[in-house]
Protein chains: 4
Amino acid sequence: MKRQPEESRDRILAAAVKIFAEKGYNGARIDQIAGEAGVNKALIYYYFEGKEAILNELFQSFFRQSTGMLLDFVERGGFGENPEENKRLFEAEYASYLMSSRDLLKIIVMESLKDENEDTPLFNLVDLGGSATPERLDDMESQTGMSEAEKNQLYVTEFFTGVMPFVCYIVLKDKWCRHFGMEEEELGRCFDIAMEDTHEQYHKNRDGKP
Amino acid sequence: MKRQPEESRDRILAAAVKIFAEKGYNGARIDQIAGEAGVNKALIYYYFEGKEAILNELFQSFFRQSTGMLLDFVERGGFGENPEENKRLFEAEYASYLMSSRDLLKIIVMESLKDENEDTPLFNLVDLGGSATPERLDDMESQTGMSEAEKNQLYVTEFFTGVMPFVCYIVLKDKWCRHFGMEEEELGRCFDIAMEDTHEQYHKNRDGKP
Amino acid sequence: MKRQPEESRDRILAAAVKIFAEKGYNGARIDQIAGEAGVNKALIYYYFEGKEAILNELFQSFFRQSTGMLLDFVERGGFGENPEENKRLFEAEYASYLMSSRDLLKIIVMESLKDENEDTPLFNLVDLGGSATPERLDDMESQTGMSEAEKNQLYVTEFFTGVMPFVCYIVLKDKWCRHFGMEEEELGRCFDIAMEDTHEQYHKNRDGKP
Amino acid sequence: MKRQPEESRDRILAAAVKIFAEKGYNGARIDQIAGEAGVNKALIYYYFEGKEAILNELFQSFFRQSTGMLLDFVERGGFGENPEENKRLFEAEYASYLMSSRDLLKIIVMESLKDENEDTPLFNLVDLGGSATPERLDDMESQTGMSEAEKNQLYVTEFFTGVMPFVCYIVLKDKWCRHFGMEEEELGRCFDIAMEDTHEQYHKNRDGKP
DNA sequence: CATGAATGAGTCTTCATTCAT
DNA sequence: GATGAATGAAGACTCATTCAT
């Protein structure tokens with residue numbers, strides 16, 4: 001079936017995300033991806049080196065996008081005139097992006113857990129905020145004066161009590177609703193309150209102190 | 001090689017946990033498990049119906065154990081005379097058990113994320129504290145009067161900002177240390193502080209209010 | 001090796017008939033079939049669901065063919081102007097087809113005997129003459145008036161003293177010749193005489209009476 | 001489980017007959033036989049060399065028994081004073097024995113059909129009447145004067161229109177009844193009539209002539 | 001005699017990948 | 001770009017047979 005150039009490629013990627021999220025990378029079959037994408041199995045090998053290359057492409061484009069959003073934010077003023085407001089806007093935008101990447105996040109988490117995997121894509125979510133924009137964000141946000149230990153603590157707290165709860169919420173919310181018979185919206189409200197009561201509260205205490 | 005009765009079976013289970021954690025359930029090979037266990041491949045099929053049966057056995061024995069610990073705690077006095085102290089003891093004991101189940105937890109998380117899987121073993125960790133001991137724990141801890149909505153909020157907060165951060169910490173701590181060049185102990189201290197600053201703080205606020 | 005479309009599929013079927021006849025369905029190995037067919041083992045699973053699907057296809061195509069021949073005969077005039085002659089022609093044609101299906105007949109008989117098998121493909125040879133063309137053949141041949149009991153008797157006699165001896169002759173003739181040191185042709189003559197003396201004689205008596 | 005000596009052996013043989021008849025020799029599993037016999041799998045190897053040895057034992061004891069009955073008949077007078085009557089008695093006795101060997105007959109037929117098998121146990125049923133008692137039966141029944149060709153014709157007719165229909169009747173009668181909704185007894189009557197009308201008729205013509 | 005445990009050699013089936021068109 | 005056909009390498013699972021007790 002002839003399509004727009006590159007359309008097939010995108011269909012394959014979209015299908016791959018879906019199947020990988022359904023069965024996990026190892027459980028996914030190239031046939032299923034081809035079927036889901038509505039293309040011939042061999043065509044996948046025309047566009048990609050192999051199964052793993054699809055996964056890589058998926059991960060890379062996700063982090064490219066993430067980085068892009070962050071850079072955009074920094075470029076277009078960063079914390080500029082209205083730091084609080086700007087940051088809130090960016091976070092909302094990024095949160096929304098993550099929510100739309102539910103399937104990919106699942107894959108990222110699953111692959112991050114395997115002992116055999118060298119890298120842990122999940123940590124990119126931390127690196128992003130840290131290493132990706134060191135000289136810029138760091139200076140701005142943290143008035144430079146921050147020991148290595150303080151940074152570590154910051155990262156740990158952000159990751160384990162901020163990022164991961166949110167990631168878990170995104171990837172588990174449908175299952176949670178099905179299992180406990182809740183509505184998506186109710187769970188959303190509950191989760192917001194939960195974060196408000198814990199992580200957000202921590203931020204308020206922290207920022208308020210000095 | 002003849003061994004003590006049931007020894008081979010245990011070796012197989014132990015090997016399976018390890019390999020599953022390394023490669024994921026789908027990525028694990030029966031040969032590898034046999035090799036790791038030092039038993040003949042066919043022997044695996046003598047003790048188990050197949051690959052999936054091993055996984056099930058693993059999950060079941062984990063939740064059997066978990067339930068056992070909780071029941072023991074309730075039986076032997078529950079919150080008895082010194083509720084705070086007793087609860088802290090149990091939590092420490094259970095936390096320690098979870099830490100020792102790192103590999104299994106990885107598998108549980110990975111399998112919980114797959115869309116194709118009907119059940120979400122992760123939620124058992126919630127069910128455990130909830131449904132397993134409703135009339136006892138509930139009454140004691142929560143003065144009975146608690147609406148459905150309040151319970152939902154409680155579960156959501158506990159799970160996403162209490163259980164999951166801890167689970168994530170357990171399954172990611174070695175990778176975190178390798179990735180960020182931290183010592184296990186330092187990470188442990190950081191994580192404790194992070195929980196103290198967020199989830200524990202929430203509990204204090206909550207209990208302190210009334 | 002690329003071949004004409006469907007050629008591989010046919011080669012596989014032909015090879016399967018041969019191997020099944022040699023070792024029986026259960027004794028046959030997919031490798032052997034692939035080897036005999038000169039195709040890659042995996043290709044068998046490209047064309048068929050599995051071993052059993054091959055057997056089914058074989059059986060179905062045999063009975064499709066058989067039914068086709070019978071229907072052709074009926075369509076093209078049936079007992080038309082020269083009933084006796086037409087019938088004789090059809091029988092000769094069908095007998096010749098059966099002779100050429102020697103291997104498949106072996107398989108049919110073997111599978112028909114297993115207690116575990118629900119259906120008895122052998123009986124299709126009876127159903128064929130009966131149910132496949134009820135309103136046509138029946139009326140013509142048997143002047144309609146025939147009680148259930150008479151029909152039963154007819155089927156039993158036809159099957160056990162007509163069909164089965166012929167089937168047994170086809171599937172055992174080579175073994176008989178080897179065992180008793182007879183020539184195929186001599187056995188053929190003997191078998192014709194045997195049938196002439198028994199089953200044919202019965203038909204003559206039956207038709208002659210009224 | 002301790003039993004009478006040799007009891008286990010018999011149980012194994014009986015179980016083997018049943019399972020072989022159900023699934024065919026190749027389809028039968030040693031485990032199933034052990035299960036059916038209610039003995040440990042390894043015990044089978046105490047009594048028999050292996051799977052094939054069981055089959056051989058089964059076949060041998062069947063033909064030993066058959067030969068025994070025939071010899072008994074010959075020894076105790078053969079066609080003696082009342083040839084017709086004696087022969088009829090023997091045939092009835094032997095027919096009854098065959099009927100009771102339904103499962104074994106199935107196995108014999110199935111194994112006889114496989115191209116790979118050197119010998120054709122089915123033919124033993126012919127050999128029995130022929131070679132087993134050449135100088136005795138032959139002389140008596142056939143007044144010696146009988147050419148090789150005549151003998152061949154005799155065997156062919158006996159086997160394909162006498163023995164095989166009967167064997168087929170025995171091994172297929174339950175399936176026939178289930179398939180066509182007939183009662184065992186009705187089928188029995190029909191079959192007797194069928195044989196009467198064909199094979200028996202042939203005998204009458206043959207004996208009556210001279 | 002009897003058995004639970006163990007094993008080597010298969011045996012069916014799957015799958016990522018490639019080829020020819 | 002696209003596809004039906006083909007394949008090597010593995011993968012899960014089986015099975016007759018043996019061993020130690």
Side-chain angles (χ1 to χ4, degrees), chain A residues 1-9 26-34 38-54, chain B residues 1-9 26-34 38-54, chain C residues 1-9 26-34 38-54, chain D residues 1-9 26-34 38-54:
Chain A
M1 204 192 314
K2 287 272 181 193
R3 289 185 232 268
Q4 293 302 85
E6 293 297 291
E7 195 201 324
S8 289
R9 192 172 189 279
N26 280 296
R29 304 297 162 214
I30 292 288
D31 302 62
Q32 296 169 337
I33 295 175
V39 305
N40 183 282
K41 195 176 20 159
L43 191 61
I44 292 183
Y45 289 89
Y46 175 79
Y47 285 111
F48 301 94
E49 293 276 326
K51 200 181 170 187
E52 203 172 347
I54 301 178
Chain B
M1 203 197 312
K2 280 271 184 202
R3 290 185 229 265
Q4 294 300 87
E6 292 298 290
E7 196 201 324
S8 290
R9 192 173 189 276
N26 281 294
R29 304 299 162 213
I30 292 286
D31 305 58
Q32 296 169 342
I33 295 176
V39 305
N40 183 286
K41 197 187 3 165
L43 192 60
I44 292 183
Y45 292 92
Y46 178 77
Y47 285 111
F48 302 95
E49 296 271 328
K51 203 178 167 189
E52 201 173 348
I54 301 179
Chain C
M1 201 199 313
K2 281 272 183 201
R3 289 185 230 266
Q4 293 303 86
E6 292 300 288
E7 196 201 323
S8 290
R9 192 172 189 276
N26 281 295
R29 302 301 163 212
I30 292 287
D31 305 60
Q32 295 168 340
I33 295 176
V39 303
N40 184 286
K41 198 186 2 166
L43 192 60
I44 292 183
Y45 291 90
Y46 177 77
Y47 285 110
F48 302 95
E49 296 271 329
K51 203 178 165 189
E52 201 173 348
I54 301 179
Chain D
M1 203 192 315
K2 287 270 181 195
R3 289 186 231 269
Q4 293 299 87
E6 292 298 290
E7 194 202 325
S8 290
R9 192 173 190 278
N26 281 295
R29 305 296 162 214
I30 293 287
D31 302 61
Q32 296 168 338
I33 295 174
V39 304
N40 183 283
K41 196 176 19 160
L43 191 60
I44 291 183
Y45 290 88
Y46 175 79
Y47 285 112
F48 302 94
E49 294 275 327
K51 199 181 171 188
E52 202 173 347
I54 301 178

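Reminder, nothing fancy here: chain letters follow the sequence lines and each chain counts from 1.
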**Report entry** Integer angstrom distance from the P of dC1(E) to that of dA20(F)
**Finding:** 22 Å
Is the count of non-hydrogen atoms from other residues, nucleotides or ligands lying under 6.0 Å from Glu52(A) atom CD greater than 12? no
In whole angstroms, the gap separating P of dG10(E) from OH of Tyr45(B) amounts to 18 Å
In whole angstroms, the gap separating P of dT14(E) from CG of Asn26(A) amounts to 18 Å
In short, Gly38(B) meets Arg3(B) closest at the heavy-atom pair O-NH2, 2.6 Å
One should report the stems of DNA chain E, each a stretch of at least three consecutive Watson-Crick or G-U pairs at distances under 3.5 Å, as E:2-21 with F:2-21
message: Within the 4.0 Å heavy-atom criterion, would you say Ala34(B) contacts the bases, only the backbone, or no part of the nucleic acid?
response: nothing
Looking only at heavy atoms, the pair that brings Lys51(A) and Asn26(A) closest together is NZ-O, 3.7 Å
Here the distance between atom P of dA2(E) and atom CD1 of Ile44(D), to the nearest Å, is 12 Å
Whichever of Ala42(C) and Glu6(B) has the more 5' nearest nucleotide on DNA chain E, that residue is Glu6(B)
Atom NZ of Lys51(B) and atom C1' of dT14(E) are separated, to the nearest Å, by 12 Å
Residues Ala53(A) and Phe48(A): closest non-hydrogen pair is CB-CB, 4.4 Å
Taking side chain as C-beta onward, heavy atoms only, is Tyr46(B) less than 4.5 Å from Arg9(B)?
no
By nearest-heavy-atom nucleotide on DNA chain E, the more 5' of Arg3(B) and Lys2(C) is Arg3(B)
**Message:** Under 4.0 Å from OP1 or OP2 of dC1(E): is there any side-chain N or O of Asn40(D) that close?
**Reply:** no
Taken to the nearest whole Å, NZ/Lys41(D) to P/dA2(E) is 17 Å
Between Lys41(B) and Ala34(B) the two heavy atoms that sit nearest each other are CA-CB, 3.7 Å
Quiz prompt | Crowding at CD, Glu6(B) (>12 non-hydrogen neighbours, <6.0 Å) | solution = yes
Taken to the nearest whole Å, CZ/Arg29(C) to C1'/dT13(E) is 14 Å
For this session: Quick one: label Leu43(C) by what it contacts on the DNA or RNA (base, sugar-phosphate, nothing), any heavy atom closer than 4.0 Å.
Result: base
Min and max contacting nt of DNA chain F in 5' to 3' order, chain C heavy atoms within under 4.0 angstrom, are dG4(F) to dA10(F)
Regarding the side chain of Tyr47(D), the nearest nucleotide among dC1(E), dC15(E), dC12(E) is dC1(E)
Only one of Val39(D), Ile44(D), Asn40(D) passes side chain to side chain contact (heavy atoms under 4.5 Å, CB included) with Ser8(D), and that residue is Val39(D)
